[in-house]
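Side chains are part of it too, since the values below use all heavy atoms of this structure and drop only hydrogens, waters and symmetry mates. All of these numbers come straight from a predicted model, not from anything done at the bench.
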Amino acid sequence: MKQYELAYLENKIKAKAENHTKNNEGNKEESEEENKGESELELSPNMAIEALAYVKTLRIKSIEDALLFMASANFVNKYIKIDPKFKKLYNFKEDIFFAADILAAGKIPKVTYGFHHDKGVGRVLVIQIGKIQFSFHDDRKLDKYQNLSADQNLTWRKVRLQPHSKFVYEETKKYVWSRYNEKKKSEVSDAAEKLIDSQKTFRRIMFSRSEVSRQHAKQFATYLDNNY
C-alpha cells in the first residue's frame with residue numbers, strides 16, 4: 001500500500017468541509033443542514049461498533065493512533081445521536097477526555113489543544129492534529145483532569161467534522177493503515193476484533209473499560225507522584 005503523507009488527509013478533509021459549506025451558502029436552514037450532513041442511512045451500526053472498538057482498544061502512542069482514535073470517536077459521537085437505542089450512551093466521552101489528557105503530555109508531535117467559549121455553543125474541547133481539528137463539547141467533565149494543559153492561542157476554525165463523520169473515519173483509516181507497519185496493523189485489528197467478538201453489542205462495548213482509561217490512570221498516577 002502506498003504510504004500517504006499527513007497533507008493527503010488534511011487536504012481531503014478540508015476539501016470535503018469546504019464543499020459542504022459552499023453548497024449550503026444562502027440556505028436559511030444552513031445550521032440544521034450543517035449538523036445533518038451525511039444521510040443517516042450511511043452510518044451503519046457495524047461501522048459504529050468497529051469505530052467504538054478502536055476507541056476502546058487503541059493505546060495512543062503516535063500521531064497515527066491519535067488520528068484513528070479521534071476519527072473513531074467523532075463517528076461514534078455522531079452515531080449515538082441518530083440511533084434511538086444509543087442516544088443516552090454518552091459515557092464514552094470520558095475516553096475522549098482521557099485521551100486529551102494523555103495527548104496534553106506533549107509526547108506526540110503535531111498535536112495542540114485548546115478550548116472555545118461561545119454563548120450559543122458552550123465550552124468546546126478542540127484537539128488539533130496537524131491541520132485537522134476535532135471538537136467535542138466537554139459537558140463540564142474536563143474539570144476532573146487536572147494535568148490537562150490547554151493552548152490559549154489555539155483558534156477553533158468552527159469547521160465541524162460530525163456532518164462528514166463517515167468520510168473522515170474512512171479517509172483517516174486509509175491514511176493510518178498506509179502508515180502502520182504489518183505488525184501494528186495486526187495488533188490494532190486483532191484487539192478491536194477480539195473486543196467485538198467477546199462483547200457482541202454496541203451497548204456492552206460502550207460501557208467496557210478502555211485502553212485509554214488504563215493509559216490515563218497510569219500517566220496520572222505518575223503525575224501525582226512527581227508533583228505531590
Side-chain angles (χ1 to χ4, degrees), residues 9 13 16-17 20 31-58 60 65-103 111 113-116 118 120-129 132-142 144-145 148 156-173 176 192 195-196 199 201-213 216:
L9 182 61
I13 292 175
K16 182 72 171 180
H20 184 75
S31 59
E32 181 179 341
E33 288 298 315
E34 182 69 20
N35 286 328
K36 185 177 179 182
E38 294 164 328
S39 164
E40 294 179 5
L41 295 175
E42 298 180 66
L43 309 181
S44 73
N46 287 340
M47 184 174 288
I49 288 173
E50 180 189 73
L52 181 60
Y54 287 136
V55 170
K56 292 295 183 178
T57 58
L58 274 169
I60 300 177
D65 296 336
L67 280 164
L68 182 55
F69 182 95
M70 290 300 164
S72 298
N74 182 62
F75 187 92
V76 175
N77 201 28
K78 176 66 175 290
Y79 186 79
I80 62 177
K81 295 174 182 176
I82 61 99
D83 190 321
K85 297 190 296 294
F86 306 116
K87 283 188 176 182
K88 295 182 179 180
L89 303 183
Y90 275 90
N91 72 304
F92 91 100
K93 281 193 174 182
E94 293 283 349
D95 292 316
I96 297 172
F97 303 136
F98 285 146
D101 213 7
I102 292 166
L103 293 169
V111 181
Y113 329 83
F115 297 98
H116 172 77
D118 184 273
V121 178
R123 190 167 70 158
V124 177
L125 167 66
V126 182
I127 299 174
Q128 182 166 322
I129 306 175
I132 303 167
Q133 290 187 338
F134 296 91
S135 56
F136 302 91
H137 287 83
D138 68 22
D139 298 328
R140 302 178 182 176
K141 292 178 180 177
L142 277 166
K144 297 179 183 179
Y145 310 127
L148 186 67
W156 184 34
R157 295 191 294 270
K158 298 187 180 182
V159 176
R160 300 179 187 278
L161 299 187
Q162 267 197 49
H164 324 294
S165 60
K166 179 176 182 283
F167 178 86
V168 171
Y169 175 71
E170 290 179 330
E171 290 299 324
T172 298
K173 189 175 177 182
V176 168
L195 178 64
I196 293 168
Q199 297 293 332
T201 69
F202 190 87
R203 179 182 289 271
R204 289 180 66 189
I205 296 174
M206 182 75 79
F207 284 106
S208 66
R209 191 179 181 195
S210 69
E211 285 297 322
V212 163
S213 68
H216 176 267

Point to revise | Heavy-atom side-chain proximity of Val55 to Phe69 below 4.5 angstrom | key: yes
Practice item. Output the distance between atom OG1 (Thr172) and atom CZ (Phe167), rounded to the nearest 0.5 Å. Key: 9.0 Å
Practice item. Find out whether Asn74 and Tyr169 are in side-chain contact, i.e. whether some heavy atom of one side chain is under 4.5 Å from a heavy atom of the other. Key: no
Study note, to complete from the structure: For Leu43 and Ser165, the nearest pair of non-hydrogen atoms, with its separation, is CD2-OG, 3.8 Å
Exercise for review: Kindly say whether Gln162 contributes a backbone atom to a donor-acceptor pair with the side chain of Lys78 at under 3.5 angstrom?
Suggested key: yes
Check your understanding: Looking only at heavy atoms, what is the nearest atom pair of Met70 and Phe136, with distance?
Key -> SD-CE1, 4.0 Å
**Study point:** Value rounded to 0.5 Å, distance of CD1 in Ile96 from CG in Leu125
**Key:** 8.5 Å
Practice item. Give a yes or no on whether Arg203 atom CZ has more than 12 heavy-atom contacts from other residues, nucleotides or ligands under 6.0 Å away. Key: no
Point to revise | From CG (Leu195) to OG1 (Thr57), nearest 0.5 Å | key: 6.5 Å
Exercise for review: Say whether, by atom type as modelled, one donor and one acceptor occur between the side chain of Gln199 and the main chain of Ser208 under 3.5 angstrom.
Suggested key: no
Practice item. Write down the atom of Phe97, the atom of His137, and the distance for their closest heavy-atom approach. Key: CZ-O, 3.6 Å
Exercise for review: Answer whether the closest heavy-atom distance between the side chains of Trp156 and Ser135 falls below 4.5 Å.
Suggested key: yes
Exercise for review: Could you tell me the separation between the CD1 atom of Ile80 and the OH atom of Tyr90, rounded to the nearest 0.5 Å?
Suggested key: 4.5 Å
Exercise for review: Please test Leu161 against Ile132 for side chain to side chain contact (heavy atoms under 4.5 Å, CB included), starting from the C-alpha separation and ending with a verdict.
Suggested key: CA-CA 9 Å; Leu161 299 187; Ile132 303 167; 4.0 Å; yes
**Study point:** Close side-chain approach of Gln133 to Val159, heavy-atom, < 4.5 Å
**Key:** no
Study note, to complete from the structure: d(Glu50 CD, Tyr54 OH) to nearest 0.5 Å is 4.0 Å
Exercise for review: Go through the structure and list residues passing side chain to side chain donor-acceptor pair (under 3.5 Å) with Asp95, not counting sequence neighbours.
Suggested key: Lys56, Ser210
Exercise for review: For the residue pair Leu9 and Val176, establish whether any side-chain heavy-atom pair is separated by less than 4.5 Å.
Suggested key: no
Check your understanding: Taking all non-hydrogen atoms of both residues, which atom of Ser72 and which atom of Ala51 are closest, and how far apart?
Key -> CB-O, 3.3 Å
Point to revise | Which atom of Leu58 lies closest to which atom of Asp65, heavy atoms considered | key: CD1-O, 4.0 Å
Practice item. Nearest 0.5 Å please: distance from the CD atom of Glu211 over to the NE2 atom of His216. Key: 14.5 Å
Point to revise | Side chains of Glu94 and Val212 in contact at under 4.5 Å (non-hydrogen atoms) | key: no
Practice item. Kindly write out the residues that satisfy ring pair (Phe, Tyr, Trp, His ring centres under 6.0 Å) with Phe134, not counting sequence neighbours, or none if the list is empty. Key: none
Exercise for review: Check whether any side-chain heavy atom of Val168 sits under 4.5 Å from a side-chain heavy atom of Lys16, and report yes or no.
Suggested key: no
